[in-house]
Protein chains: 2
Amino acid sequence: MKKKLKEHIEKLIPLSDDEFTFVLSHFTFEKYKKNDFLIQEGENVNYCYYVLSGLLKLVFNDKNGKQHIVSFAMEDWWESDFSAYFLQTKSKMSLQCIEDTSVYSISHKNYQKLSTELPKMELFFLKKSYSGHIASQNRILSFLTSNAKERYDQLLKQHPVLFQRVPKSLLASYLGVSRETLSRFSL
Amino acid sequence: MKKKLKEHIEKLIPLSDDEFTFVLSHFTFEKYKKNDFLIQEGENVNYCYYVLSGLLKLVFNDKNGKQHIVSFAMEDWWESDFSAYFLQTKSKMSLQCIEDTSVYSISHKNYQKLSTELPKMELFFLKKSYSGHIASQNRILSFLTSNAKERYDQLLKQHPVLFQRVPKSLLASYLGVSRETLSRFSL
DNA sequence: TTATAATTGTGATGTTTGTCACGCGCGAAC
DNA sequence: GTTCGCGCGTGACAAACATCACAATTATAA
């Protein structure tokens, strides 16, 4: 479990055992049940989460009460409402369990503390942030270049496991297409 | 001109005059003409740009030869093909002038050097990266929650100046809508 | 088990948006 | 000044997609 996070960080940054122990002391292990909320819309966002196991959805609820999936978060992914987390504002989104999920969480204070005390971790977070930005840009590109069926095929190719673990209605919401239209694609 | 960059950085990070002089020594001032390319698709991306004046478009060309506007970059914006810049791969996009444009450019080597020598600049880049990620996520949300007309209205509200400086066909491409459909919105 | 809710597929229909075709006005280049 | 290309609007039609309605199947909980 600890090993998982260490290996994850070491994909980007080399880390001695002592350093990792120090890093880990800034995190808290937590378990959540299906449908539990890690972040509730409208509240302060004090934590960022590294997913050890399970599956989360980052959701925006629009003024008509319709939910939109901004992102899924599986094993080895980092998730939070980053806007609210970094700018220390109220959340406009919620983060909820699709499955029972265990995470390492880090508070904003500990995040700042860790970045200062161990600068190479700041570099780690920077690299993670790049990746996130690049991933978002690719998702924007898929909206610009592809129609619903093509986006469906891309997602199926990139993350086939989601089609087994997530209700189709949520996949539809993630792809920006109606549940019915998505259902007709799988023929 | 130098003052502009200093003020821009100081919105996020305090900087002494000496420090700023040091920072600036890592940048190069450059001028480009309308239609010039700062980044050509398929080439290495060695520079990241801070726009002093003018206007750029970040473009992805799909397999059908259709151009898609990933982003505009105006005064005070940072732009590059970040994926290619940070991962040091070939560019999948091009960066081109919509107007005559002057920039400060920083090479990837100088960027790494600067980050190491002056850690607070690493924090600056980190904060910039957050903002970029958050902005991209908001753009994704606009695709998920809004139809073409609504996205048009949002852009008009957020960046009215673009409607004066950019051909409508490019705005259409940015919004993911056909030129004709966008034209019918402005009635 | 039984009842209850959630998930999924599918037909019918309407709306949104794209594509093709054309004309007009304006500015750049010669 | 004339020519040429570009930006922009607009009509007609086709394609993509949403919405509504309903049935069937599968999970979940009492």
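What you see below is based on every heavy atom in this structure, not just the backbone, and it leaves out hydrogens, waters and symmetry mates. The chains referred to below are lettered A, B, ... by the order of the sequence lines, with proteins before strands, and numbering in each begins at 1. Values in this document were obtained by computation on a predicted structure and should not be read as measured data.
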Have B:Gln40 and B:Ser94 got a donor and an acceptor in their side chains that come within less than 3.5 Å?
-> no
State whether A:Thr181 places a side-chain N or O below 4.0 Å from either non-bridging phosphate oxygen (OP1 or OP2) of D:dA18.
-> yes
To the nearest 0.5 angstrom, please state how far the CG atom of B:Leu114 sits from the OG atom of B:Ser25.
-> 8.0 Å
Could you label the plane-to-plane angle of the A:His108 and A:Phe86 rings as parallel, tilted or perpendicular, counting under 30° as parallel and over 60° as perpendicular?
-> perpendicular
N/O donor-acceptor pair, side chain B:Glu180 with base D:dC8, under 3.5 angstrom | no
Nearest-Å distance, CZ (A:Arg179) to P (C:dG11)?
-> 14 Å
Please check if the distance between the ring centroids of B:Phe163 and B:Tyr152 is under 6.0 Å.
-> yes
Could you give the CG-to-P distance, from A:Leu182 to C:dT10, as a whole number of Å?
-> 13 Å
Is the distance from OP1 or OP2 of C:dA6 to the nearest side-chain N or O of A:Lys168 less than 4.0 Å?
-> no
Distance, rounded to the nearest Å, where B:Leu170 contributes CG and D:dG7 contributes P | 8 Å
Check the distance between D:dA18's C1' and B:Glu150's CD and give it to me in whole angstrom.
-> 14 Å
Return the value, rounded to whole Å, for the distance between atom NZ of B:Lys34 and atom C1' of D:dG7.
-> 11 Å
Which listed nucleotide (C:dT19, D:dC17, D:dC8) is nearest to the side chain of B:Pro167?
-> D:dC8
When the distance from CZ of B:Phe185 to P of D:dT10 is rounded to whole Å, what number comes out?
-> 14 Å
Can you check the A:Tyr152 OH to C:dG9 C1' distance for me, whole Å?
-> 13 Å
Is any side-chain N or O of B:Arg184 under 3.5 Å from a base N or O of C:dG18, one able to act as donor and the other as acceptor?
-> no
Parallel, tilted or perpendicular: ring planes of A:Tyr130 versus B:Tyr111, cut at 30 and 60 degrees = tilted
Please determine, for the side chain of B:Ser178, which listed nucleotide (D:dT28, C:dT19, D:dA18) has the closest atom?
-> C:dT19
Of all the nucleotides listed (C:dT17, C:dT19, D:dT10), which has the minimum atom distance to the side chain of B:Ser183?
-> D:dT10
Write down the distance between CZ (B:Phe143) and P (C:dT17), rounded to a whole number of angstrom.
-> 12 Å
